[in-house]
Amino acid sequence: MKQTAVRTGWLVAAMLAVSALIVIGQGAWTTVAFINVSFLLSLLPLSLGGLLFVYERGFFSGFAYGFRRLRRNRTKVERYLEEAAAEHESDELLGPRRFAITYPLLFSGLLLFLAMIAAGYAVQ
């Protein structure tokens, strides 16, 4: 849990630094421009973390299984061979992969997203 918090902090700091560099590169430093760039930049890790979270939970494994069954040929000889091969294989399905960066991406994107919404309302 501590590693997640540290990685989240580093990602937030990196996104804020990149946001500052983008605003400085544009030439007009304003608080509203910084908030807008930070808000838009926070959507990237939030989306990527959400996608990894959904993948890790196995949402797409049902679709993959259905397409594998649909793609198989339906001749009797091949079905018999598949059944014979299936008897010798283990029935354990490999689960989806786990990524160490999922929660830091998700939390840093969400934290910066909500902070920039609050900052946007505070500035106006």
Side-chain angles (χ1 to χ4, degrees):
M1 189 64 160
K2 183 181 177 187
Q3 284 183 340
T4 302
V6 169
R7 288 178 182 165
T8 300
W10 279 109
L11 281 171
V12 168
M15 284 189 291
L16 289 174
V18 168
S19 298
L21 289 174
I22 290 172
V23 172
I24 289 170
Q26 290 177 345
W29 174 265
T30 62
T31 306
V32 175
F34 178 74
I35 291 171
N36 288 338
V37 170
S38 297
F39 176 80
L40 291 174
L41 196 60
S42 73
L43 294 176
L44 182 67
L46 182 62
S47 300
L48 187 59
L51 182 67
L52 288 174
F53 180 77
V54 167
Y55 174 74
E56 284 180 359
R57 297 294 177 197
F59 178 77
F60 300 112
S61 59
F63 293 114
Y65 176 73
F67 281 116
R68 267 192 313 240
R69 289 200 50 162
L70 183 66
R71 203 174 39 186
R72 289 183 190 163
N73 292 331
R74 296 295 175 174
T75 63
K76 285 186 179 182
V77 173
E78 289 178 355
R79 273 190 271 164
Y80 292 137
L81 288 174
E82 286 178 11
E83 288 175 8
E87 290 177 3
H88 297 292
E89 293 178 1
S90 65
D91 290 334
E92 297 178 21
L93 294 174
L94 296 176
R97 293 183 51 176
R98 301 278 178 187
F99 301 100
I101 196 70
T102 301
Y103 289 109
L105 278 174
L106 192 61
F107 293 150
S108 65
L110 186 63
L111 180 69
L112 197 57
F113 178 80
L114 294 175
M116 290 303 122
I117 287 176
Y121 280 117
V123 168
Q124 290 181 359

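Only a predicted model underlies this, so the values are computations on that prediction, with no experimental measurement involved.
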Is there a chain of hydrophobic side chains (I, L, V, M, F, W, Y, each step under 4.5 Å between heavy atoms) that links V54 to L51? no

Pairwise distance CG(L43) to CG(L48) - rounded to 0.5 angstrom: 12.5 Å

Report the residue from T4, T102, V12 that forms a side-chain contact (heavy atoms from CB on, under 4.5 Å) with F107. T4

CZ on R98 to CZ on R57, rounded to 0.5 Å: 6.0 Å

Parallel, tilted or perpendicular: ring planes of Y103 versus F53, cut at 30 and 60 degrees: perpendicular

Atom CG of L112 and atom CG of L41: how far apart are they, to the nearest 0.5 Å? 7.5 Å

L111 reachable from V18 in the ILVMFWY side-chain graph, under 4.5 Å edges: yes

Would you please name every residue forming a side-chain contact (heavy atoms from CB on, under 4.5 Å) with I117, sequence neighbours left out? F39, F113, Y121

Is there a path of hydrophobic side-chain contacts, each under 4.5 Å between heavy atoms of I/L/V/M/F/W/Y residues, joining L106 to V6? no

Is there a chain of hydrophobic side chains (I, L, V, M, F, W, Y, each step under 4.5 Å between heavy atoms) that links I35 to L46? yes

Counting C-beta onward and ignoring hydrogens, is there a side-chain heavy-atom pair between S42 and M116 closer than 4.5 Å? no

Check whether V37 and L11 end up in the same hydrophobic cluster, where Ile, Leu, Val, Met, Phe, Trp and Tyr are linked by side-chain heavy atoms less than 4.5 Å apart. no

So how far is it from S108 OG to L44 CG, rounded to the nearest 0.5 Å? 10.0 Å

Interatomic distance, CE@M15 vs CD1@I22, rounded to 0.5 Å, equals 11.5 Å

side-chain hydrogen bond (donor to acceptor under 3.5 Å, both in side chains) partners of residues 16-37, not counting sequence neighbours, each pair once: S19-S38

